Amino acid sequence: MTSSNRIRQPDVTRQKILDAAFAEFYRHGFQGASLNRIVRGAGVTKGALFHHFAGKQDLGYAVVDKVIEPLLMRRWLGGLAGAADPLSVMQDSFRTFAGQDVESGHFVDGCPLNNLAQEMSPLDEGFRGRIDALYDRWRTTFAAALRKGMAAGAVRPDAAPEGTAALLVASQMGIWGTGKSSRDATLMLQACEAVCGYLEGLRPAQGSTTGRDG
């Protein structure tokens with residue numbers, strides 16, 4: 001057991017650093033983030049940080065790859081796999097996560113991915129490429145779910161999956177950006193409900209036979 005613990009310890013330390021860095025970047029932005037605060041938050045030494053990461057830039061890339069990407073999957077994409085009713089899944093995601101962020105107060109900090117996109121994409125190609133790939137995956141997953149919903153008769157046949165997916169992802173960016181800039185939870189929730197209303201309008205009319213057997 002002791003040997004096994006020693007083998008796992010570097011991974012535990014690395015994850016502590018990543019989690020502390022994510023919190024620091026989220027709160028202060030990448031450029032305003034402090035490595036000293038990160039190591040204090042992780043409960044490690046600066047030497048341990050540099051053992052795992054070449055520097056702040058390398059750490060930032062790892063946060064996108066190892067923290068933000070899994071967060072995106074959990075929040076927005078994972079529930080769509082095989083969903084018979086993608087519109088309800090998307091509505092639930094918007095309402096649930098907007099509500100959670102308002103309740104926790106994190107809405108004033110915006111969306112971690114969008115924050116980095118706004119701050120670092122114009123400045124650093126490594127960030128831009130990683131962030132753009134995540135947004136592309138988001139749009140592609142939404143579009144695929146909408147196409148499946150259209151084939152099953154759960155989504156209107158004229159829903160334009162790619163365009164709709166692009167609009168939905170842009171809407172998420174705008175809703176969380178609105179919360180951050182306005183610090184007005186009511187305004188953010190109103191915008192969220194407007195998007196959910198738009199999604200409701202993508203359902204086929206009652207009695208319509210638009211599925212594969214229609």
Side-chain angles (χ1 to χ4, degrees), residues 14-44 49 53 55-79 90-124 126-139 141-142 166-196:
R14 180 182 174 88
Q15 191 60 51
K16 285 181 178 178
I17 295 168
L18 286 169
D19 291 341
F22 170 77
E24 176 73 6
F25 298 157
Y26 189 28
R27 188 174 302 113
H28 299 286
F30 179 78
Q31 295 176 92
S34 162
L35 291 182
N36 288 331
R37 286 195 296 261
I38 289 171
V39 296
R40 284 199 300 270
V44 302
L49 186 151
F53 303 99
K56 187 177 180 182
Q57 183 186 57
D58 184 43
L59 177 57
Y61 293 167
V63 166
V64 175
D65 295 339
K66 302 301 183 182
V67 181
I68 293 179
E69 181 176 353
L71 180 62
L72 172 65
M73 288 299 303
R74 288 195 304 272
R75 274 199 161 203
W76 294 100
L77 305 185
M90 292 173 185
Q91 288 172 322
D92 184 62
S93 294
F94 273 97
R95 287 173 173 142
T96 296
F97 301 127
Q100 286 180 1
D101 286 355
V102 165
E103 184 176 356
S104 69
H106 285 313
F107 78 98
V108 300
D109 296 317
C111 166
L113 180 58
N114 190 31
N115 289 351
L116 279 175
Q118 296 295 322
E119 180 188 8
M120 297 306 299
S121 287
L123 303 177
D124 185 282
F127 275 110
R128 193 206 65 78
R130 285 171 169 80
I131 292 166
D132 187 56
L134 290 184
Y135 277 123
D136 183 65
R137 183 176 182 183
W138 196 343
R139 289 187 294 266
T141 302
F142 270 19
L167 177 62
L168 291 171
V169 173
S171 296
Q172 188 277 344
M173 296 170 75
I175 290 169
W176 268 255
T178 293
K180 180 178 181 178
S181 63
S182 70
R183 296 178 174 261
D184 185 336
T186 299
L187 184 60
M188 179 175 173
L189 293 175
Q190 285 174 340
C192 179
E193 280 304 313
V195 172
C196 290

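All of these numbers come straight from a predicted model, not from anything done at the bench.
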Participant: Kindly indicate, with the supporting measurements, whether the criterion side-chain contact (heavy atoms from CB on, under 4.5 Å) is fulfilled by Met120 and Arg128.
Facilitator: CA-CA 7 Å; Met120 297 306 299; Arg128 193 206 65 78; over 6 Å; no
Participant: If every non-hydrogen atom of Asp65 is compared with every non-hydrogen atom of Pro70, which pair is closest and at what distance?
Facilitator: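 Minimum heavy-atom contact is O-CD, 3.7 Å.
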Participant: What distance do Thr178 atom OG1 and Phe107 atom CZ have between them, rounded to the nearest 0.5 Å?
Facilitator: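 Taking OG1 in Thr178 and CZ in Phe107, the distance rounds to 11.5 Å.
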Participant: Taking the side chain as everything from C-beta on, heavy atoms only, tell me whether Leu116 gets closer than 4.5 Å to Ile68.
Facilitator: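 The answer is yes; the side chains approach within 4.5 Å.
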Participant: When you measure from the side chain of Thr96 to the backbone N and O of Ser93, does any donor-acceptor pair fall under 3.5 Å?
Facilitator: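 Flag not set: sc Thr96 to bb Ser93 has no pair under 3.5 Å.
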Participant: Kindly indicate, with the supporting measurements, whether the criterion side-chain contact (heavy atoms from CB on, under 4.5 Å) is fulfilled by Met173 and Tyr135.
Facilitator: CA-CA 10 Å; Met173 296 170 75; Tyr135 277 123; 3.8 Å; yes
Participant: Measure across Leu134 and Leu113 and return the closest heavy-atom pair with its distance rounded to 0.1 Å.
Facilitator: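 Distance-wise, the nearest heavy atoms are CD1-CD1, 4.0 Å.
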Participant: Check step by step if side-chain contact (heavy atoms from CB on, under 4.5 Å) holds for Met188 and Ser182.
Facilitator: CA-CA 9 Å; Met188 179 175 173; Ser182 70; 5.9 Å; no
Participant: With a 4.5 Å heavy-atom cut-off, do Gln172 and Cys111 have their side chains touching?
Facilitator: yes
Participant: Are Lys180 and Asn114 close enough that a side-chain donor and a side-chain acceptor fall under 3.5 Å?
Facilitator: no
Participant: Relative to each other, are the rings of Trp138 and Phe142 parallel, tilted or perpendicular (30° and 60° limits)?
Facilitator: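 Because their plane-to-plane angle is over 60°, the rings of Trp138 and Phe142 count as perpendicular.
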Participant: Could you grab the distance from atom CG of Leu187 to atom OG of Ser181, nearest 0.5 Å is fine?
Facilitator: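 It comes to 8.0 Å.
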Participant: Ring centres under 6.0 Å, that's the criterion: do Phe30 and Phe127 meet it?
Facilitator: yes
Participant: Is any side-chain N of the basic residue among Arg137 and Glu69 closer than 4.0 Å to the acidic one's carboxylate O?
Facilitator: yes
Participant: For Cys192 versus Ala98, what's the shortest heavy-atom pair and its separation?
Facilitator: SG-CB, 4.0 Å
Participant: What's the verdict on ring pair (Phe, Tyr, Trp, His ring centres under 6.0 Å) for Phe97 and Trp176, showing C-alpha distance, side-chain angles and the deciding distance?
Facilitator: CA-CA 10 Å; Phe97 301 127; Trp176 268 255; 8.0 Å; no
Participant: Taking Gly29's backbone N and O only, do any of them form a donor-acceptor pair with Asn115's side chain (distance below 3.5 Å, no angle check)?
Facilitator: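 Answer holds: no.
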Participant: Could you tell me which non-hydrogen atom of Asp124 sits nearest to which non-hydrogen atom of Tyr61, and how far apart they are?
Facilitator: OD1-OH, 2.6 Å
Participant: Counting only N and O atoms by type, is there a donor-acceptor contact under 3.5 Å from the side chain of Glu24 to the main-chain atoms of Leu35?
Facilitator: no
Participant: Is atom NZ of Lys56 surrounded by more than 12 heavy atoms (other residues, nucleotides or ligands) closer than 6.0 Å?
Facilitator: yes
Participant: Find the distance between CD (Glu193) and CD1 (Ile175) and round it off to the nearest 0.5 Å.
Facilitator: 9.5 Å
Participant: Would a 4.5 Å heavy-atom cut-off, applied to side chains only, mark Phe25 and Ile38 as touching?
Facilitator: yes
Participant: Side-chain contact, heavy-atom cut-off 4.5 Å: Val195 with Gln91?
Facilitator: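 The answer is no; the side chains never approach within 4.5 Å.
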Participant: Where do Gly99 and Leu189 come nearest, in terms of heavy atoms and distance?
Facilitator: N-CD2, 4.3 Å
Participant: Given the rule in the side-chain contact (heavy atoms from CB on, under 4.5 Å) test, do Leu59 and Leu18 qualify, once you have shown the distances and angles that lead to the verdict?
Facilitator: CA-CA 7 Å; Leu59 177 57; Leu18 286 169; 4.1 Å; yes
Participant: Treating Tyr26 as the side-chain partner and His106 as the backbone partner, does any N or O pair qualify as donor plus acceptor under 3.5 Å?
Facilitator: yes
Participant: Please round to the nearest 0.5 Å and tell me the distance separating atom CG of Asp92 and atom CE of Met90.
Facilitator: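 Separation between the atoms: 12.0 Å.
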Participant: Ignoring hydrogens, what is the shortest heavy-atom contact between Cys196 and Phe94? Give both atom names and the distance.
Facilitator: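 In this case the closest contact between Cys196 and Phe94 is SG-CB, 4.0 Å.
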Participant: Charged N to carboxylate O under 4.0 angstrom, Asp19 versus Arg14?
Facilitator: no
Participant: So, do Arg75 and Gln100 sit near enough that their side-chain heavy atoms are less than 4.5 Å apart?
Facilitator: yes
Participant: State, with a plain yes or no, whether a side-chain heavy atom of Val102 is found less than 4.5 Å away from one of Thr186.
Facilitator: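 Of all side-chain heavy-atom pairs linking Thr186 with Val102, none is under 4.5 Å.
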